[in-house]
4 protein chains.
Amino acid sequence: MTNSVDRRTQAAQKRRRLTAAAARVLHEQGVERTTLAGIAREAGVPVGNVYYYFKTKDELVRAALGEHRDRLDELTAGLDRLPAPRDRLRALIEAWVSERETTARYGCPLGTLAAELGKRADGTPAAEAGAVIRRLMDWAAAQFRAWDVPDPDAHALTLVSAYQGMSLLAHALRDPAVMTREGARLLRWLDSLRAGPGVSP
Amino acid sequence: MTNSVDRRTQAAQKRRRLTAAAARVLHEQGVERTTLAGIAREAGVPVGNVYYYFKTKDELVRAALGEHRDRLDELTAGLDRLPAPRDRLRALIEAWVSERETTARYGCPLGTLAAELGKRADGTPAAEAGAVIRRLMDWAAAQFRAWDVPDPDAHALTLVSAYQGMSLLAHALRDPAVMTREGARLLRWLDSLRAGPGVSP
Amino acid sequence: MTNSVDRRTQAAQKRRRLTAAAARVLHEQGVERTTLAGIAREAGVPVGNVYYYFKTKDELVRAALGEHRDRLDELTAGLDRLPAPRDRLRALIEAWVSERETTARYGCPLGTLAAELGKRADGTPAAEAGAVIRRLMDWAAAQFRAWDVPDPDAHALTLVSAYQGMSLLAHALRDPAVMTREGARLLRWLDSLRAGPGVSP
Amino acid sequence: MTNSVDRRTQAAQKRRRLTAAAARVLHEQGVERTTLAGIAREAGVPVGNVYYYFKTKDELVRAALGEHRDRLDELTAGLDRLPAPRDRLRALIEAWVSERETTARYGCPLGTLAAELGKRADGTPAAEAGAVIRRLMDWAAAQFRAWDVPDPDAHALTLVSAYQGMSLLAHALRDPAVMTREGARLLRWLDSLRAGPGVSP
DNA sequence: GATGAATGAGTGTTCATTCAT
DNA sequence: GATGAATGAACACTCATTCAT
């Protein structure tokens with residue numbers, strides 16, 4: 001019994017190791033330039049064995065997206081402990097800025113994956129990427145709503161759009177300062193909200 | 001004499017056809033999923049012949065980025081004919097929105113190319129993509145400056161960042177309405193500027 | 001004691017399940033397209049466990065051939081209960097025709113396996129397939145001999161050859177009617193025998 | 001001009017070399033055990049180059065079947081020069097027997113390919129193999145018809161079925177004498193036809 | 001004796017790039 | 001300068017077989 005549990009645990013751990021490696025390498029190299037061998041090497045797993053856990057490369061991509069979704073959930077779960085919705089949003093922006101070095105180097109994991117996958121004729125794992133981004137938007141909208149800002153969905157769209165834009169620019173220009181500058185602006189924007197009918201962006 | 005001119009002209013045309021095809025196909029399929037054979041086919045040029053005009057695939061990618069730069073220049077040149085800088089910026093935003101269907105399908109050409117290229121270890125054609133984006137920012141900054149808005153560079157960053165963000169979201173969610181909504185917001189934002197020292201977006 | 005007998009019995013049952021599954025799947029898919037995993041799945045046995053019963057895939061193939069030999073023996077044993085040799089042969093032909101749908105879909109199990117295995121450089125399991133076919137020929141020859149037909153071996157060869165030919169054609173043309181037509185002809189041929197020295201086919 | 005013709009000719013020759021090699025190797029090793037590398041080696045062509053001429057392995061299989069069809073056409077075209085249909089059929093049988101060594105080693109190319117391909121779920125190149133076999137049957141039927149034998153189609157079926165059966169048995173038993181014996185019987189059978197209402201097989 | 005997991009050699013296929021004419 | 005063909009180094013994926021427990 002202990003044995004089988006151990007083994008099951010080990011297998012689950014390996015799966016997680018592979019998923020984590022996939023998430024990392026796919027973020028760093030993009031989908032098409034990433035080879036299964038590369039992910040396997042990174043995870044310390046022989047190539048052939050990868051296929052015991054994931055039947056195709058696309059499945060690994062999906063798993064990586066799932067990993068990013070889980071990390072997003074962890075992040076928002078942490079933020080949810082803050083009492084004020086506005087503070088949660090502030091903290092979210094600060095989290096984004098704190099990742100500026102990675103973002104400048106590799107872009108936002110979700111954004112860059114979505115951009116690459118979105119061009120496929122069959123939009124297979126692309127929809128998954130979109131769903132995770134929408135999850136972020138939904139969470140943000142919930143905060144705006146709790147905070148009683150009018151048109152919370154529009155504000156969520158603006159916020160997430162701004163995040164994707166600043167991440168892309170930071171990446172394209174290889175300049176983490178973009179994140180700092182735009183992050184600061186977003187914080188000011190948050191502060192300005194509800195101060196009146198509000199000029200949004 | 002006439003002959004050699006003809007030939008030179010023909011060659012230049014072929015080069016242009018290849019560049020245009022590269023710009024289109026790379027936008028639609030992304031860099032890694034695009035094959036030289038595909039570009040050649042699209043341009044009506046035999047594969048082997050491509051190498052007479054471009055030594056490597058990367059050079060074709062660079063040429064495609066050059067094509068996008070040229071189109072950007074044409075666009076801004078057209079906008080420059082408008083007398084008021086604010087109207088130029090408004091027209092720019094309207095141009096973005098008018099491309100919403102293509103953007104929802106394939107993303108912003110510059111943004112998606114930059115995202116894909118930016119991950120390469122040797123940032124070879126990535127820098128080119130960044131340069132074109134910066135060119136757009138510079139033009140925008142010039143408008144804000146001409147309009148006498150304080151901190152024109154920050155405003156340009158915000159504007160272009162917003163464009164990249166809304167393009168990415170429209171693409172990721174396959175929803176052109178994102179472009180319409182955020183475009184309208186940007187126009188309101190423009191209108192609100194100079195109404196005072198202004199909390200920007 | 002009971003335990004060990006049970007276990008021995010269970011093991012024997014598993015072996016039989018595997019052999020039966022192998023016979024079926026190898027018939028339906030051919031040797032090379034059949035995977036051990038597929039046989040194991042069909043038999044309800046974990047893959048790793050197969051190797052406890054069969055050291056190699058080839059051994060499973062041999063076991064499948066043994067299964068077909070056993071079925072052949074059962075068939076002829078049943079036919080042997082008929083008093084007249086000619087009736088036994090008639091019944092054999094009728095048995096062949098009754099299998100026409102399966103044969104049109106997958107060919108004769110022995111014939112198709114022999115055809116596929118016969119090309120191997122080392123004729124390892126090929127000889128086994130040939131031996132089973134010869135067993136059928138021997139039984140047929142025995143009937144012709146008991147029936148006192150001259151040159152029973154030649155007649156057996158003709159009969160079995162006709163069976164293999166009609167099976168292959170029915171399979172190649174995916175037409176079970178081939179079995180019906182040629183089966184009827186074989187029956188007429190049987191009836192014509194002993195009507196004299198006889199022009200055979 | 002000469003150049004381009006030369007090149008076109010060379011390319012066609014290479015294609016033919018590949019097709020011939022494929023026909024040979026597929027006959028000797030079967031479809032599944034044959035690797036593209038093996039065919040390429042046999043044809044003296046680098047592996048990658050094979051794909052310039054054939055997009056998939058299946059296409060090569062089809063080409064090999066086409067090769068066998070062409071050889072069949074050549075054979076029957078030669079036989080058609082004989083004035084009497086019965087002599088054409090006799091010569092056909094003699095041709096079969098003369099191939100007995102190859103047949104005993106590798107089986108009938110069409111028959112074994114049809115047997116292997118016929119099991120595929122998607123009957124892709126299987127239909128092609130069946131079509132070539134039917135072509136042989138059609139030719140044989142035409143001879144019986146010209147010879148004014150009643151029910152020429154049934155006789156053609158019997159003849160070709162006999163050929164496939166004897167080939168399979170010769171192969172399964174690795175005994176070319178099967179071809180000799182059954183070939184002689186077929187000749188006697190031919191002679192017996194029209195000598196009366198005829199006992200067929 | 002049973003079993004999920006591991007392993008690695010191969011297989012078809014793609015594609016940027018080069019070559020010969 | 002043009003072009004069909006050649007080349008070879010990947011790559012994703014499969015599978016018989018072995019291993020550890």
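In what follows, chains carry the letters A, B, and so on, assigned in the order in which the sequence lines appear, proteins first and then strands, with residues in each chain numbered from 1.
Distance D:Q13 CD to F:dA6 P: 12 Å, rounded to the nearest Å. B:R33 has its CZ atom 17 Å from the C1' atom of E:dA16, to the nearest Å. Distance C:E32 CD to F:dC15 P: 11 Å, rounded to the nearest Å. In this entry the distance linking CG of B:N49 with P of E:dA20 reads 18 Å, nearest Å. One can place NZ of A:K55 at 13 Å from P of F:dC15, the figure rounded to the nearest angstrom. For the pair D:L36 CG and F:dA10 P, the interatomic distance rounds to 20 Å; values are reported in whole Å. To the nearest angstrom, P of F:dT3 lies 11 Å from CG of B:L18. The CZ-C1' distance, from C:R15 to E:dA2, rounds to 16 Å in whole Å.
Comparing E:dC15, E:dT17, F:dT17 by their nearest atom to the side chain of B:T56 picks out E:dT17. Candidate nucleotides F:dT14, E:dA6, F:dA16 were compared by shortest atom distance to the side chain of C:Y51, and F:dA16 ranks first. Distance from the side chain of A:T35 is smallest for F:dC11 among the nucleotides F:dC11, E:dT13, E:dA6. Among the nucleotides F:dA12, E:dT17, F:dT3, the one closest to the side chain of B:K57 is E:dT17.
In this structure, F:dG8 forms a base pair with E:dC15, meeting either the Watson-Crick or the G-U wobble geometry with both donor-acceptor distances under 3.5 Å. The partner of F:dT21, taking Watson-Crick or G-U wobble pairs whose two distances both stay under 3.5 Å, is E:dA2.
Where B:A37 and A:V50 meet DNA chain E, the nucleotide closest to each residue was compared, and A:V50 sits on the side nearer the 5' end. Judged by closest nucleotide on DNA chain E, C:P46 is the one of A:P46 and C:P46 placed further toward the 5' end. Across the interface with DNA chain F, nearest-nucleotide mapping of C:G48 and B:G48 shows B:G48 to be the residue nearer the 5′ end.
A cation-pi contact links B:R15 to B:F54, judged by a cut-off of 6.0 Å to the six-membered ring centre and 45° from its axis.
The minimum heavy-atom distance between D:V45 and D:K14, with the atom names listed, is CG2-CE, 3.5 Å. Scanning both residues, B:R17 and B:A43, for their nearest heavy atoms gives NE-O, 2.8 Å.
Looking at C:R120, its side chain never comes within 3.5 Å of a backbone N or O of C:A126 through a donor-acceptor pair.
Looking at heavy-atom distances under 4.0 Å, A:K14 makes contact with sugar-phosphate atoms alone, never a base. At a threshold of 4.0 angstrom between heavy atoms, the contacts of A:Y53 are confined to the sugar-phosphate backbone, with no base atom among them.
A:R33 and B:E32 are joined by a salt bridge, as a carboxylate oxygen and a charged side-chain nitrogen come within less than 4.0 angstrom of each other.
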